[in-house]
Asks: 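Here you go, one structure.
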Amino acid sequence: MATERYNAPDRERHWQKVWRDQKIFETRRDPAKPKYYVLEMFPYPSGRVHVGHVRNYAMGDVVARYKRAKGFNVLHPMGWDAFGLPAENAAAERDVHPGGWTYDNIAAMRAQLQNMGLSHDWSREFATCDAAYYKQQQKLFLDFYAKGLIYRKKSRVNWDPVDNTVLANEQVIDGRGWRSGALVEQRELEQWFLRITNYAEELLAGLDTLDRWPDKVRLMQRNWIGKSEGARLRFKLSGEPLPGGKGELEIYTTRPDTIFGASFIAISPGHPLALVLAKKDPALQEFLADCARIGTSQEEIDKAEKKGFDTGVKAAHPFRTGGKLAVYVANFVLMDYGTGAIFGCPAHDQRDLDFANKYKLKVVPVVIPEGEDPKLFKIVDEAYTGGGRISNSSFLDGMSVDEAKEEVIQRLEKKKIGKRETNYRLRDWGVSRQRYWGCPIPMIRCEECGVVPVPETDLPVTLPEDVTFDAPGNPLDRHPTWKHADCPNCGGKATRETDTCDTFVDSSWYFARFCSPHECERPVDPEACDYWLPVDQYIGGVEHAILHLLYSRFFTRAMRDCGHLNLAEPFAGLFTQGMVIHETYKDAEGKWLSPDDVRFADNGGGGDRSALTIDGSPVEIGAPEKMSKSKKNVVDPDGFSAHYGADTARWFMLSDSPPERDVLWSDDGAQGAWRFIQRVWRLIDDAAEKGAKTGAKRPAEFSADAMELRRASHRALDKVAKSIEGLGFNRAIAASYEFANAFGAALAKADKSPDDSLRFAVREAAELFTHIINPFMPHLGEECWLRLGHNTLLANAPWPDADQTLLVDDTVTIAVQVNGKRRDELVVAKDAGREDVEAAALKLDSVIRAIEGRTVKKVIVVPQRIVNVVA
RNA sequence: GCGGACGUGGCGAAACAGGUAGACGCAAGGGACUUAAAAUCCCUCGGCUGAAAGGCUGUGCGGGUUCGACCCCCGCCGUCCGCACCA
């Protein structure tokens, strides 16, 4: 028997080379086979792979390898989300080119990923900053533009007046620019927008079809789209300060049924009427200025008091003659939702009630809860938002809320002063970024012809290489020649758009590009996409639950409408995995310490753990948190793998915690995985030795020991397969451990017994065990496969089917309860009749003792599960 | 504020068409093999009680439904996540 330990790093390099040389993970379309597309969210090339990546890609790889073994034609590609701000920051800090920096990072990370033994098809690799990719993205931009899905409008941006540059939201810290520290201003710039709101209804309805998405993500998207159904209606205005003395005001409401409960009108401080009125009213001017000072941060909104300003203007109630409502400017009314104006119904809206109480306005309940007396029902400081009967409402009295809504809308439409309207919170997607390292927007501005798209034949609009980052602002904008172009229309002098695309655009269609990554005539080959799409299993972080996933769903539909794709939903199955967390350490001065700088004290067993720095000073052990550079609680997967191998890291990352939950990286846990790898190797090595003596000849009869082992093997195989199908990697691993224990016990028996059928079962168990662990630890899998005498690659071997007859026992152990308390257990034939089971249970001493002479009232027998004696 | 998820040993967790709670791993304790260590192997491991067999108790708390509840219903408490003045 070989006693050598399994040299993981050495063997892993070997098997990686074999796989690479034989190109076995390169995939081609094959209509004869069912396809399966597994995709992990592609990484940003920051320069280093972290353990979060390891977990993410290990999950995808388990699925990919398993599906491959199950006979699917598996597409499992990898690429790079390569545009973005960090490259520009690196360029500014250390005088390198963003492109060079990015491609260097990609090379480093590619090598790291390849060391993990992932079954990616590297022949399909691309980076979004490759001109070949962004050329096609520009083509899509032109197609969308032609289709009316792209438009320009003015929009506010964060402007740093010292650096003269636009800032992303995350670059604004406490209202100041992160570099300059200057107070950030809001500026209006002309920007490009994608008309995602055209698809609001479809994106919402589509969520119902995504039955393999987490409910949580679907709910988040549903809320984000934020559909509300209601009505838009016009109020006639009167009042002295109003220019001309007359006018109309349009409001939006979701509660037209409460129209008779209206006691005021409120408009946004940004509303045109407010601006007009302010021209003649210094007090209102001051009020508007006050509102503008309130920031947009969470805290400020929370603290902001509901304030209003009575304009003196009156609005006529549409259904109640003589009913006049005061028009306020109120700081809580948003300009960019609905019409920027509302009617306030204090009795049935908390915010309106607070406002009404503050300004002493009438509170009239018009919806009376079932069972309440309309005459006695009063609202004081809590609005009633439930259902009921309408009251105090003229022609609506006695109706339900829904009936009243319908009635009001119909009357509004008949009187031509309003109509039914559905609103969404979803806004169009602003994609302009005043940045260098992004996909150039292929548009040209001509003084004569206006905005003109770059002709398709001129694509790609490539980024210039000779740029500098030593000055603030957009390098494209100050490049001496790049932005000057001839107008494609009239040939006159014109300027290029110097904005680039939001990087979320890049990631909104990369999954489709993987189907035909080398296509140069068009963004995607529709036939290839018809075959491969949708992605069957998409895996990534929940932080992308809204934006990336919603944008991708939108892009897929937009591409469909431009003739590039034939489907609406890009991701049939979605899985959001948890983070990898690690303890945090601080020294006596409160400075963060890296795990490498911490030693754990040997406190002689028991008690709390304590830690010291290398030089012996005390360390405070903090709660496990998401790994981050700033807290220094990061583990370098490369260093770990160099010692223990990638298989150990993969196994550990998928064990213990359910994949959707956070997992704690601990050295002890990693050691456990390492011990298991060595144990698997010993078991297989031992089994190969024993199995070899009888070869693979199947005996006519199996001994009891052999049958027990065979049942355990096939049951483990079945359980692991089902667990992987359900993405329950932790359960699959637990089943593997359980089987290792049974296998070890059987091997010990085989040592002492001359039982040939047991030897056969041992050999069979070794083969199945190798298959079982292979998706998780593919290098070790190949090594075991070789040890078992195969001269093929396990990566090419089909997944064995479990023998169904071995999954069920002839006998079952069932619990015996008396009055619901477990008293004993009973081993009975699987198909034993109720009467037999009942009789056997009643004969048990433990049952007789528990009954204590009482009469048996009832005996409940659930076949194969339980007997409950009621006495 | 609105919406959602989750509370199980020292720790990560299993078990959920209501049917033996704690599989599996980590940590811990005891033992074997070693001159010793590493590695490996064996045993113990929710709490209380008992020499043991066993008994009682136990899935955040309080009720309820049921022969039987981690699971279903009602009411609390706590933690986490998302959205946030959306009329």
Side-chain angles (χ1 to χ4, degrees), chain A residues 3 5 214-224 226-228 230 251-255 258 266 268 294 298 301-302 304-306 330-334 336-345 348-352 354-355 385 423-427 542-543 545-546 605-609 624 652 655-658 660-664 666-673 675-676 678-679 682 728 730-741 744 748 813-826 846 849-850 857-871:
Chain A
T3 48
R5 305 190 84 197
D215 289 341
K216 179 186 169 162
V217 173
R218 291 197 286 176
L219 184 70
M220 280 162 70
Q221 292 214 353
R222 194 167 286 129
N223 291 340
W224 188 263
K227 180 179 183 174
S228 66
I251 66 97
Y252 176 73
T253 180
T254 55
R255 294 294 304 271
T258 64
S268 165
I294 296 172
Q298 196 46 56
I301 288 171
D302 280 345
E305 201 187 342
K306 308 269 174 288
N331 64 350
F332 61 85
V333 180
L334 302 175
D336 61 357
Y337 185 79
T339 61
I342 61 164
F343 75 72
C345 175
H348 307 292
D349 181 290
Q350 190 59 46
R351 210 181 25 208
D352 294 348
D354 294 343
F355 190 84
T385 55
N423 261 316
Y424 299 90
R425 296 160 70 162
L426 184 66
R427 297 279 90 105
V542 73
E543 65 273 18
I546 299 177
D608 293 329
R609 292 191 319 141
F652 173 46
S655 59
D656 291 347
S657 289
E660 68 277 13
R661 249 181 257 178
D662 290 351
V663 66
L664 178 69
S666 72
D667 290 344
D668 287 332
Q671 284 289 337
R675 276 200 299 272
F676 184 67
Q678 295 299 341
R679 187 158 161 233
R682 282 196 309 274
N730 57 322
R731 293 197 304 272
I733 284 176
S736 305
Y737 273 113
E738 207 171 349
F739 179 60
N741 292 339
T813 307
I814 62 173
V816 181
Q817 299 181 333
V818 176
N819 290 333
K821 273 188 187 156
R822 182 184 167 280
R823 293 295 166 184
D824 210 334
E825 55 186 36
L826 204 53
S846 48
R849 228 182 304 132
K857 291 184 200 138
K858 194 161 41 158
V859 178
I860 287 150
V861 178
V862 182
Q864 297 180 51
R865 292 213 179 257
I866 205 159
V867 181
N868 191 8
V869 179
V870 185

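Letters A, B, ... mirror the listed sequences (proteins, then strands); counts begin at 1.
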Asks: Taking atom C1' in both B/A28 and B/A21, what distance in whole Å separates the two?
Replies: 22 Å

Asks: What dot-bracket string describes RNA chain B from 5' to 3', counting Watson-Crick and G-U wobble pairs whose defining distances are under 3.5 Å, with [ ] for crossing pairs and | for pairs to another strand?
Replies: (((((((..(((......[....))).(((((.......))))).((((....))))..(((((..]....))))))))))))....

Asks: If I pick the C1' atom on B/G46 and the same atom on B/G9, what distance separates them, to the nearest angstrom?
Replies: 5 Å

Asks: Rounded to whole angstrom units, what separation is found between the OH atom of A/Tyr252 and the C1' atom of B/C86?
Replies: 9 Å

Asks: Shorter than 3.5 Å, N or O on both sides, protein versus nucleotides 44-52 of chain B: list them out with atom names.
Replies:
none

Asks: Once salt bridge (Lys or Arg N to Asp or Glu O under 4.0 Å) is applied, do any residues pair with A/Glu825, and if so which ones, sequence neighbours excluded?
Replies: A/Arg822

Asks: Nearest to the side chain of A/Arg865, which nucleotide is it out of B/G19, B/U20, B/A87?
Replies: B/G19

Asks: Mind listing the closest non-hydrogen atom pair of A/Ala545 and A/Met220 along with its distance?
Replies: CB-CE, 3.6 Å

Asks: Where does the angle between the aromatic ring planes of A/Tyr737 and A/Phe676 fall among parallel (under 30°), tilted (30 to 60°) and perpendicular (over 60°)?
Replies: tilted

Asks: Name the nucleic acid region contacted by A/Thr813, choosing base, sugar-phosphate or nothing; use a 4.0 angstrom heavy-atom cut-off, strictly under.
Replies: base

Asks: Quick one: do A/Leu219 and A/Asp215 satisfy side chain to side chain contact (heavy atoms under 4.5 Å, CB included)? Show the steps, please.
Replies: CA-CA 6 Å; A/Leu219 184 70; A/Asp215 289 341; 6.0 Å; no

Asks: Strictly under 3.5 Å: I want the nitrogen or oxygen pairs between protein and nucleotides 11-14 of chain B, one per line.
Replies:
from, atom 1, to, atom 2, distance (Å)
B/G12, O2', A/Ser657, OG, 2.8
B/G12, N2, A/Asp656, OD1, 3.3
B/A14, OP1, A/Asn730, ND2, 3.1

Asks: Under the side chain to side chain donor-acceptor pair (under 3.5 Å) test, which residues partner A/Asp824, sequence neighbours left out?
Replies: A/Ser846

Asks: Taking only the C1' atom of each, what is the distance from B/C81 to B/C72 in whole angstrom?
Replies: 26 Å

Asks: Here's a test of your reading of the structure: between A/Trp224 and A/Ala341, which maps to the more 5' nucleotide of RNA chain B?
Replies: A/Trp224

Asks: Looking at A/Val542 and A/Lys216, what are the two nearest heavy atoms and their distance?
Replies: CG2-CE, 4.3 Å

Asks: Would you list the protein and nucleotides 56-59 of chain B atom pairs, both N or O, that sit under 3.5 Å from each other?
Replies:
from, atom 1, to, atom 2, distance (Å)
B/C56, OP1, A/Arg823, NH2, 3.3
B/C56, OP2, A/Arg823, NH1, 3.2
B/U57, OP2, A/Lys821, NZ, 3.2

Asks: Listed by chain and number, what are the salt bridge (Lys or Arg N to Asp or Glu O under 4.0 Å) partners of A/Arg679, not counting sequence neighbours?
Replies: none

Asks: Could you give the distance separating B/U44 and B/G25 at their P atoms, to the nearest angstrom?
Replies: 14 Å

Asks: Classify the side chain of A/Arg5 versus the base of B/A39 as yes if they form a donor-acceptor pair under 3.5 Å and no if they do not.
Replies: no

Asks: List the residues meeting side chain to side chain contact (heavy atoms under 4.5 Å, CB included) with A/Asp349, not counting sequence neighbours, and say none if there are none.
Replies: A/Arg351, A/Asp352

Asks: Output all residues satisfying ring-ring contact (aromatic ring centres under 6.0 Å, His included) with A/Phe355, sequence neighbours left out; order by chain, then residue number.
Replies: A/Phe264, A/Tyr328, A/Phe332, A/Tyr359

Asks: Cut-off 3.5 Å, side chains only: do A/Asp667 and A/Gln671 have a donor facing an acceptor?
Replies: no

Asks: How far does the P atom of B/C56 sit from the matching atom of B/C2, given to the nearest Å?
Replies: 46 Å

Asks: According to side chain to side chain donor-acceptor pair (under 3.5 Å), who are the partners of A/Arg222, at least two apart in sequence or on a separate chain?
Replies: A/Asp208

Asks: Under 4.0 Å, counting only non-hydrogen atoms across every strand here, what does A/Asp824 touch: a base, just sugar-phosphate, or nothing?
Replies: nothing

Asks: For a quick test of your reading: what N or O donor-acceptor pairs under 3.5 Å do the side chains of residues 813-820 of chain A make, sequence neighbours left out?
Replies:
from, atom 1, to, atom 2, distance (Å)
A/Asn819, OD1, A/Ala871, N, 3.0
A/Asn819, ND2, A/Ala871, O, 3.4

Asks: Tabulated below should be each protein N or O lying under 3.5 Å from an N or O of nucleotides 66-70 of chain B; please produce it.
Replies:
from, atom 1, to, atom 2, distance (Å)
B/C67, O2', A/Asn868, ND2, 3.1
B/C67, O2, A/Asn868, ND2, 2.5

